[in-house]
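Residue numbers start at 1 and run along the sequence shown. What you see below is based on every heavy atom in this structure, not just the backbone, and it leaves out hydrogens, waters and symmetry mates. Note that ligands are numbered from 1 as they come in the structure, with each ligand's atoms numbered from 1 the same way.
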Amino acid sequence: MTKVLIATEKPFSGVAVKGIKEVFDAAGYEVAMLEKYTEKSQLLDAVKDADAMIIRSDKVDAEVLDAAKQLKIVVRAGAGYDNIDLAAATAHKVVAMNTPGQNANSVAELVFGLLVFGVRNFFNGTSGTELKGKKLGILAFGNVGRNVARIAKGFDMEVAAYDAYCPAEAIEAAGVKAAKSQEELFETCDIVSLHIPATAETKQSINYDLVGKMKKGGILVNTARKEVVDEPGLIKLMEEREDLKYLTDIKPDADAEFAEKFAGRYFATPKKMGAQTAEANVNAGIAAANQIVGFLRDGVTKFQVNK
Ligand code: 3PG
């Protein structure tokens, strides 16, 4: 019998797990759950006899793939797949997929949760500002960036975006001003929201010089990945510029230092919350389940991210 492992250190909502199980029940697959695990050894053990696996930000490296002797497919229920060693997956003849767009609205809504909290001075009772009329810069115009743009318009914000891989015409077609470069985006916007993946090119790219281009009172929001931010550079900048705020859904490695030095203008969620809604879990989880059945039964490789 085909066995699917759902390995989620940060579990899906119950309703999502129910929906995922229904897909596999209908296909006649067995499901094993590994939730809230604390040791890698638990994953190495659970994956031994799995034919397929659904993960979230769980790390799938060469060691996990070595242990997964039966594995044919791993689906990251979500957008970013920097947690999968793609070369190792290919070497092990394992197909890796993501589920693009399925949790995008959830992440985009959190951007505004963080922003309202930020501009109202973390609800400390003092007068803050409104988002209306402010210029929001969206760095990378993928599924999340597009949802952020849609919601920002409801707040009556001016919206601009830059995406190295998306032509300006496509950005403008969505009713968003296309910036010519990421430098221009940081220079001209009151708030910049990061939606870039963590790649060799983007890691540490949000640095002292770039963020330093922001106007007085600038706010940087990160619901993407901690790795894209050059933490020492941002700390140095925020020490020099007491007007800047950093709001993040991914705790930096230097969280304690940020929290100590920048009280009132730094906030990190205790655990990454962007995709942590019932809706996003259902959308991404069930899409992942359907993609597994589609691949194992019909050979469908849409959304494969390794070659
Ligand atoms: C993603 O890449 O889809 C998001 O960062 C969500 O990650 P999560 O599933 O770990 O919450």
Closest approach of any protein heavy atom to [atom], naming residue and atom:
atom	result
atom 10 (O) of ligand 1	S57 OG, 2.5 Å
atom 9 (O) of ligand 1	R56 NE, 2.9 Å
atom 6 (C) of ligand 1	A275 CB, 3.5 Å

Sub-4.0 Å heavy-atom contact, R76 with ligand 1:
yes

Does some non-hydrogen atom of Q276 fall short of 4.0 Å from ligand 1?
no

Basic-acidic side-chain contact under 4.0 Å: [X], [Y]:
X	Y	value
K261	E239	yes
D243	K216	no
D49	K3	yes
K271	E9	yes

Are T202 and T199 close enough that a side-chain donor and a side-chain acceptor fall under 3.5 Å?
yes

I'd like to know if the side chain of N105 pairs up with that of E109 as donor and acceptor (distance under 3.5 Å, no hydrogens or angles considered).
yes

Has ligand 1 got any nitrogen or oxygen that is less than 3.5 angstrom from a nitrogen or oxygen of A79?
yes

Heavy atom under 4.0 Å from ligand 1: found in N103's side chain, backbone, both, or neither?
side chain

Can you sort out which atoms of ligand 1 are near [X], meaning under 4.0 Å from one of its heavy atoms?
X	answer
R225	1 (C), 2 (O), 5 (O)
G80	1 (C), 2 (O), 3 (O)
G78	3 (O)

For the pair N306 (side chain) and V94 (backbone), establish whether a donor and an acceptor sit closer than 3.5 Å, ignoring hydrogens and angles.
yes

In terms of heavy-atom contacts, does NZ of K40 have more than 12 from other residues, nucleotides or ligands at under 6.0 Å?
yes

Option of least heavy-atom distance to atom 11 (O) of ligand 1 (set: E9, K272, K10):
K10

